[in-house]
Amino acid sequence: MNSATGGADVRKYNGVIDCVKQTIEKEGIIRGLYRGQTSLLVREIPGNFMWYGVYEAVCKYYIPEGRTKKDLGIEIHMLGGAAAGIAYWVSSNDTMFTCYIHMIYLVFLFT
């Protein structure tokens, strides 16, 4: 039972394909299917930039003289992945926003 419709159980879509069809018909492909992608890119690009940059920097730092990245052991790749994961988390807009919100909450809580 749906309390928002006064008790009647009304289905808007008859499955996933119907949902996609109706969305494209009403809003078009770009507006309907890709809404919200800009904010996703704003969130993901800096984090991925930091992840790949830190991973490559760590691996490059540990490459022996005259050797290649293929000569590195798994422990160096794991170290690079761990450092890259931390860099991704620290540079993430979600993390910064969450820290900002918590800071505001603590200021209001203790003032």
Side-chain angles (χ1 to χ4, degrees):
M1 186 180 297
N2 189 346
S3 61
T5 60
D9 192 15
V10 179
R11 292 179 61 162
K12 189 172 183 178
Y13 305 111
N14 294 324
V16 177
I17 303 298
D18 184 46
C19 176
V20 171
K21 282 176 160 178
Q22 286 187 40
T23 302
I24 291 172
E25 287 172 3
K26 291 178 184 171
E27 300 183 37
I29 293 175
I30 300 297
R31 287 189 68 207
L33 299 181
Y34 293 100
R35 180 181 297 153
Q37 294 301 310
T38 303
S39 59
L40 175 75
L41 292 174
V42 166
R43 183 188 76 191
E44 292 297 322
I45 288 174
N48 286 314
F49 177 80
M50 290 299 293
W51 195 99
Y52 287 109
V54 169
Y55 175 77
E56 290 298 323
V58 169
C59 289
K60 188 175 181 181
Y61 180 79
Y62 285 103
I63 293 175
E65 188 71 35
R67 297 266 177 110
T68 67
K69 192 175 171 182
K70 292 180 182 180
D71 298 322
L72 294 175
I74 185 117
E75 64 278 352
I76 300 302
H77 288 287
M78 290 173 63
L79 176 65
I86 292 168
Y88 180 88
W89 180 72
V90 170
S91 68
S92 171
N93 291 330
D94 285 342
T95 304
M96 288 185 249
F97 180 72
T98 303
C99 291
Y100 177 71
I101 293 300
H102 285 290
M103 182 180 68
I104 290 173
Y105 174 74
L106 290 174
V107 167
F108 283 116
L109 185 65
F110 293 110
T111 57

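FYI, the numbering just counts along the sequence from 1.
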Enclosure of Lys69 NZ (heavy-atom neighbours >12, cutoff 6.0 Å): yes
Heavy-atom closest pair, residues His77 and Cys59: ND1-SG, 3.9 Å
Joint cluster assignment, Met78 & Tyr55, ILVMFWY side-chain distance < 4.5 Å: no
Heavy-atom neighbours of Tyr13 OH exceed 12 at 6.0 Å: yes
Gap separating the CG atom of Leu79 from the CD1 atom of Ile74, nearest 0.5 angstrom: 12.0 Å
Heavy-atom closest contact (Val58 atom, Ala83 atom, distance): CG2-CB, 4.1 Å
Point-to-point distance, once rounded to the nearest 0.5 Å, from NZ of Lys26 to CZ of Arg31: 13.5 Å
Tyr52 with Tyr88, same ILVMFWY side-chain cluster at under 4.5 Å: yes
Closest heavy-atom pair and its distance - Lys12, Asp18: O-OD2, 4.2 Å
Atom pair CD1 (Ile63) and CG (Asp71), whose distance is rounded to the nearest 0.5 Å: 8.5 Å
Distance (rounded to the nearest 0.5 Å) between Asn48 CG and Leu41 CG: 10.0 Å
Hphob cluster co-occupancy, Ile76 + Tyr61, side-chain heavy atoms under 4.5 angstrom: yes
Glu27 side, atom CD; Arg35 side, atom CZ - distance, nearest 0.5 Å: 4.0 Å
ILVMFWY network linking Val90 to Val54, side-chain heavy atoms under 4.5 angstrom: no
